[in-house]
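Data block below; observations after.
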Amino acid sequence: MSSTDPPKPPSTTARPSSKRISTVPTPPKPPTSIHPTAIIANHALLIGTHLITIGAHTVIHPYARIISTEGPVTIGDGCVIWEKATVGMMGGDSSSDGDEGVLETKLDDNVVIESCATVGMGAVLGDGCVVEGFGVVEGGATLGRRCQVQAFARVKAKEVLTEHTIVLGDGRRRVSKGCEGVERGREVAHEKMVRDFERVVPSVSVKWM
Amino acid sequence: MATRPTATRKTAKGEYIETDSGNKVSRKANISGTPNITLGGKTVIMADVHLRGDLTRPKAATPDPKGAKQSSTSISIGRCTVVSTGTVIRPPGRMSRGVYTYYPMKIGDNVFVGPNCVIQAASISSHVHISENCVLQPLCVIKENVKILPHTVVPANMVVPPNSVVGGRPGRIVGEVGEGYGVSVGAVAGGSGEGWVEGGDLRELVRIIK
């Protein structure tokens, strides 16, 4: 009985190799200009077609995403982008595409983007801004120096905030008077934190160059 | 005629890797700094959970005079704790004596952490229930039997006393957990498949996660 059945041809070609290879095509690497002292963690993701510039001592944590599909992304010195944060979010809901041009997403020096926070494409964040966890800065918004977007707060598209504005989680705003001593302390702490990452986060920035 | 078994390499891989002590860690969890993380046993780490064990305390320049070995554990999680999908757990850091230091984070037993939270607490005691989409900002301390409502932001350095309910943005104490918190009512009578309650023993929940 079994002899009548044609024997199955040995499917040597169809056998999967021992190493599985992802079938999803890897997105093309964006053009980058990365300062040699910047730290880009292993699983950080840089995607897009425009130039991504990353300044000195900036740290991109694992699973953070920098997206430059809509325009160039410039990140200054000493910035920290925490895990699961997104900079240059794709398809930002800025509905008016009337003023074409290229939208540049720009983060000045010492900006901190916390976990799960989002910065839309074309947003401009001044020196020392902080976007806390789940905070959203929509596309085209402009934040002055030392603005703080607290957890779950939202800055609408095209909004302009003056320096030292604090956006509270419930949508209210206030302008901090700013205390020289506190600010100086914060600056020192930030610098020490950024420098400390050299110890704990291994960099694979070469991969993206 | 022996034909080659067609179903090669079809060993059914579960989603979770189970360790000897009963910890269940998802294959899709994003864990860095594995040597610096301790799990107490019967603890579940679900998919897409980020554990940042690589953020450790800097090594002391001068060794401890008592000769005590400096431990490098940065996250320690107790028994029967469940960490749900999309949560980020990261040890908090701050300036201390002129050095930027990360503080080891302790999470107790029977703690439930809901989906999509960001946890940077200094310590979380046992029988704490953290609902979904919460943010625990750096160095807050959560004591025993605390319930944190959904979408809460617990501010930095806040100490939440035992038996309280925390909610809002910024989080404040909105009440106390009642007498029956953590006591499962239906466990004896029904056995309706649930078998676990907020703040109670999570062993049953851990058991059914596969």
Side-chain angles (χ1 to χ4, degrees), chain A residues 1-12 14-20 41-44 59 61-64 80 82-85 114-117 130 132-135 150-153 167-172 185-202, chain B residues 1-6 8-10 29-33 36 48-59 72 74 86-102 115-120 132-138 150-156 168-171:
Chain A
M1 185 82 183
S2 64
S3 58
T4 55
D5 290 334
K8 263 189 182 168
S11 56
T12 43
R15 250 178 79 203
S17 62
S18 60
K19 197 175 177 188
R20 275 192 294 174
N42 195 7
H43 293 279
V59 185
H61 280 271
Y63 302 99
V80 183
W82 284 100
E83 61 277 89
K84 287 176 87 174
E114 282 274 356
S115 302
C116 308
V130 177
E132 290 184 4
F134 296 100
Q150 293 196 335
F152 293 103
V167 184
L168 301 162
D170 51 9
R172 286 180 301 163
R186 237 178 243 164
E187 270 169 29
V188 171
H190 181 85
E191 200 190 320
K192 294 239 170 142
M193 174 176 79
V194 167
R195 293 298 158 93
D196 190 53
F197 284 128
E198 286 170 17
R199 178 179 63 84
V200 290
V201 183
Chain B
M1 188 179 286
T3 49
R4 176 177 291 159
T6 44
T8 47
R9 311 196 117 255
K10 260 283 163 76
N30 305 321
I31 300 172
S32 38
N36 306 325
D48 199 28
V49 169
H50 294 241
L51 294 177
R52 292 299 304 267
D54 53 345
L55 305 180
T56 52
R57 216 178 250 271
K59 288 272 182 293
S72 65
S74 58
T87 290
V88 177
I89 295 184
R90 151 153 56 100
R94 70 155 184 202
M95 287 291 289
S96 163
R97 294 187 209 151
V99 185
Y100 194 84
T101 322
Y102 291 96
N116 303 320
C117 293
V118 177
I119 312 280
Q120 290 191 71
E132 73 269 19
N133 298 335
C134 288
V135 176
L136 273 65
Q137 291 194 328
H151 315 284
T152 301
V153 179
V154 180
R169 292 178 197 169

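Numbers restart at 1 for each chain; the letters A, B, ... are given by sequence-line order, proteins then strands. Everything numeric here is computed off the predicted structure, so don't read it as measured data.
- Taking CG from B/N36 and CG from B/L55, the interatomic distance works out to 9.5 Å, rounded to the nearest 0.5 Å.
- Using the six-membered ring where Trp is involved, B/H50 and A/Y63 have ring planes that are perpendicular, over 60° apart on the 30 and 60° scheme.
- The aromatic rings of A/F197 and A/H61 sit perpendicular, their planes meeting at an angle over 60°, well past the 30° parallel limit.
- When each of A/A151, A/P202, A/G169 is scored by its heavy-atom pairs under 4.5 Å with chain B, the top score falls to A/A151.
- Contact of B/R94 with chain A is not made at all, since no heavy-atom distance falls under 4.5 Å.
- Of the listed residues (B/G33, B/P170, B/G98), the greatest number of heavy-atom pairs within a distance under 4.5 Å of chain A belongs to B/G98.
- Among all heavy-atom pairs drawn from A/K84 and B/G86, the shortest one is NZ-O, 2.8 Å.
- Contact of A/Q150 with chain B is not made at all, since no heavy-atom distance falls under 4.5 Å.
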